[in-house]
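Down below is the structure, laid out as structure tokens.
Naming: A, B, ... by sequence-line order, numbering from 1 per chain. Every value quoted in this text rests on a predicted model; they were computed, and no experiment measured them.
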Protein chains: 2
Amino acid sequence: MGTNATANGSASSAPSHELDAPPWLRVESTLMATAQAIREAYDVRLAPIGLTLSLASLLSYIAEFGPVNQTRAAEHLGQGRAATGAQVDRLQQLGLIERRPDPDDRRVWMVAITPAGVAKAAAVGEIDTVLRSELRSGITREERQRLAAVLVRLQSNVAVAVHGVQPTASPLPPNTTIEERP
Amino acid sequence: MGTNATANGSASSAPSHELDAPPWLRVESTLMATAQAIREAYDVRLAPIGLTLSLASLLSYIAEFGPVNQTRAAEHLGQGRAATGAQVDRLQQLGLIERRPDPDDRRVWMVAITPAGVAKAAAVGEIDTVLRSELRSGITREERQRLAAVLVRLQSNVAVAVHGVQPTASPLPPNTTIEERP
DNA sequence: GACAGACTGTATGCTCCCATACAATCATGG
DNA sequence: CCATGATTGTATGGGAGCATACAGTCTGTC
């Protein structure tokens, strides 16, 4: 889980309990806990309309960028094709998207949004706007920008640490958007 | 996945492709992607010694804070008891920890570290130190502190958004440690 | 034109976690 | 004492994702 408190102040038991935590992972730990908490918050807010964060993300993508094939969508979402295929199945069962054959390529399914999907996507957009504004309360825009910059730097360092060099034009660089609009 | 590039510069296809991304989720998206990348980096680095991030985290906790029961460990790691139990099983199979009956309470298993576990925990510590220093390259300490502060604020906002009020002394506030040592 | 290679979507097995339900055990009020 | 409630650890079913393997299809080269 991730809904940890912010600073549990005065625990009742040990006094020097504040800074024990895992002996390693400090900022990194906070970062990962925060990410999970955000994911959870989105899931909670999206549950009333019957979606999860990943499904809503896929739906929004299809709603905005016309019919696409699944590989494109998977790359954009930074997932594998298998996972995306399963998500497409579910969205299709919900009647929010539909698969159309590509006349030019009999292998691919073009995934397109339905009218019901358009409505759902609008609802997702509203929920996102509201939640995001709540999450950003008390955080200035400059802070967000600095945060994003450090995060990007961190991602770059991760890429170097894992793959040796940062992937220049790799097939999966979608989520790297940085804040630039209010 | 999370090993996204930092800024994919000039894609070959569309020119205005840089800032499209998911129409919602901006800083939040970057945050979550970064967290996943970090988790992956730890998993990659820990794989040679046969551990995963969650297992290593549990092992380190047991190594540092003597024998504990599983519920305590689960709370500290911010997980459920079931997941922790499974992890304890695996660490026990690896001979890194052992379960001892609690003489005062026949329900509980006190989880204690073994000599092999001590050695493994030391290896984990080394890996963590090295990787963390790599991840922090090019990021000043002040930036990290600001980052942590914003993250804590974000977590607080999430708690408010999800639970209405931030959990004051909830039973799971462990990961919230903030950077304070080099 | 035919064939080796690349690509799309899917199926399978694996990992990791949660949420619920459950048996065993403690703790407390009568 | 003993019945009721709480707590510990576990079993089970589910969700979500990955990596691999696979069949069907396109594409480039000879």
Side-chain angles (χ1 to χ4, degrees), chain A residues 1-3 32-33 35-37 39-40 42-44 46-47 50-58 67-94 97 99-111 162 171-172 175, chain B residues 1-4 32-33 35-37 39-40 42-44 46-47 50-58 67-93 97 99-111 162 171-172 175:
Chain A
M1 287 276 298
T3 53
M32 289 165 50
Q36 206 170 354
R39 168 171 284 271
E40 221 184 54
Y42 270 98
D43 282 339
V44 168
L46 290 169
L51 290 180
T52 176
L53 177 59
S54 8
L55 289 182
S57 188
L58 175 58
V68 287
N69 66 13
Q70 300 185 186
T71 299
R72 230 62 82 204
E75 288 173 358
H76 192 92
L77 295 173
Q79 294 179 157
R81 282 169 298 166
T84 303
Q87 291 170 352
V88 169
D89 285 345
R90 294 187 55 187
L91 288 182
Q92 192 178 25
Q93 284 175 349
L94 295 172
I97 62 176
R99 281 193 243 233
R100 304 174 186 162
D102 183 348
D104 296 341
D105 191 335
R106 270 180 294 174
R107 297 171 298 179
V108 338
W109 288 104
M110 296 303 279
V111 182
V162 174
L172 36 86
N175 297 337
Chain B
M1 286 278 297
T3 54
N4 303 321
M32 291 165 49
Q36 206 169 355
R39 169 171 285 270
E40 219 183 57
Y42 271 97
D43 281 340
V44 168
L46 289 169
L51 291 180
T52 177
L53 177 58
S54 8
L55 289 181
S57 188
L58 175 57
V68 285
N69 65 15
Q70 299 184 186
T71 298
R72 230 62 81 204
E75 288 173 358
H76 191 93
L77 295 174
Q79 294 178 158
R81 283 169 296 168
T84 303
Q87 292 170 351
V88 168
D89 284 345
R90 295 187 54 187
L91 289 182
Q92 191 178 26
Q93 284 176 349
I97 61 177
R99 281 193 242 234
R100 304 174 186 162
D102 183 349
D104 296 342
D105 192 335
R106 271 181 293 176
R107 293 171 300 180
V108 339
W109 288 105
M110 297 301 281
V111 182
V162 174
L172 36 85
N175 297 337

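Closest approach of A:A56 and A:L46 over heavy atoms only: CB-CD1, 3.7 Å.
Put simply, CD on A:E75 is 13 Å from P on D:dC18, counting in whole angstrom units. The separation between A:L91 atom CG and D:dA16 atom P is 11 Å, rounded to whole Å. Taking atom CG of B:L53 as the reference point, atom P of C:dC16 lies 10 Å away to the nearest angstrom. The distance from atom CG of A:D104 to atom P of C:dC7 is 18 Å, rounded to the nearest whole Å. When rounded to the nearest whole Å, the span between CG of A:D105 and C1' of D:dG24 equals 10 Å. Taking atom CG of B:L77 as the reference point, atom P of C:dC16 lies 14 Å away to the nearest angstrom. Here the P atom of nucleotide D:dA16 and the CG atom of A:L46 are 12 Å apart, to the nearest Å. Between B:D43 atom CG and C:dT15 atom C1' the separation is 10 Å, expressed in whole Å.
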Quiz item: Just by protein heavy atoms under 4.0 Å, how would nucleotides 9-14 of chain C read 5' to 3' in B, S and -?
Solution: BBB---
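Listed by chain and number, the residues in a side chain to side chain donor-acceptor pair (under 3.5 Å) with B:S54 amount to none (sequence neighbours excluded). Considering only residues two or more places apart in sequence or on other chains, A:R81 meets the side chain to side chain contact (heavy atoms under 4.5 Å, CB included) condition with A:T71, A:A74. Residues passing the side chain to side chain contact (heavy atoms under 4.5 Å, CB included) test with A:P101 are A:W109, sequence neighbours excluded. In this structure B:A82 satisfies the side chain to side chain contact (heavy atoms under 4.5 Å, CB included) test with no other residue, sequence neighbours excluded. By the salt bridge (Lys or Arg N to Asp or Glu O under 4.0 Å) test, A:R90 pairs with no residue at all, sequence neighbours left out. Remark: B:D89 pairs with B:R99 by the side chain to side chain donor-acceptor pair (under 3.5 Å) rule, at least two apart or across chains. By the side chain to side chain contact (heavy atoms under 4.5 Å, CB included) test, A:D43 is found to be paired with A:R39, A:T52, A:L53, residues two or more places apart in sequence or in another chain being considered. With sequence neighbours left out, B:R72 forms a salt bridge (Lys or Arg N to Asp or Glu O under 4.0 Å) with no residue at all. Under the salt bridge (Lys or Arg N to Asp or Glu O under 4.0 Å) criterion, A:D102 pairs with no residue at all, not counting sequence neighbours.
Atom CD of B:Q87 and atom CG of B:L51 lie 11.0 Å apart (nearest 0.5 Å).
Inter-axis angle, ends of the helix from C:dG1-D:dC30 to C:dG30-D:dC1, five pairs per end, rounded to 10 degrees: 0°.
OP1 or OP2 of C:dC17 sits under 4.0 Å from a side-chain N or O of B:S54. Checking the phosphate oxygens (OP1, OP2) of C:dC26, a side-chain nitrogen or oxygen of B:R106 falls inside 4.0 Å. At D:dA16, none of the side-chain N or O atoms of A:Q79 fall inside 4.0 Å of OP1 or OP2 (strictly under the cut-off). Using a 4.0 Å cut-off, no side-chain N or O of B:Q36 falls inside it from OP1 or OP2 of D:dG17.
If you check the side chains of A:T84 and A:Q70, you find no donor sitting under 3.5 Å from an acceptor.
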Heteroatom pairs (N/O) under 3.5 angstrom, protein to nucleotides 1-5 of chain D:
none

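Residue contacts shown for B:R90 are limited to sugar-phosphate atoms, with no base heavy atom under 4.0 Å away.
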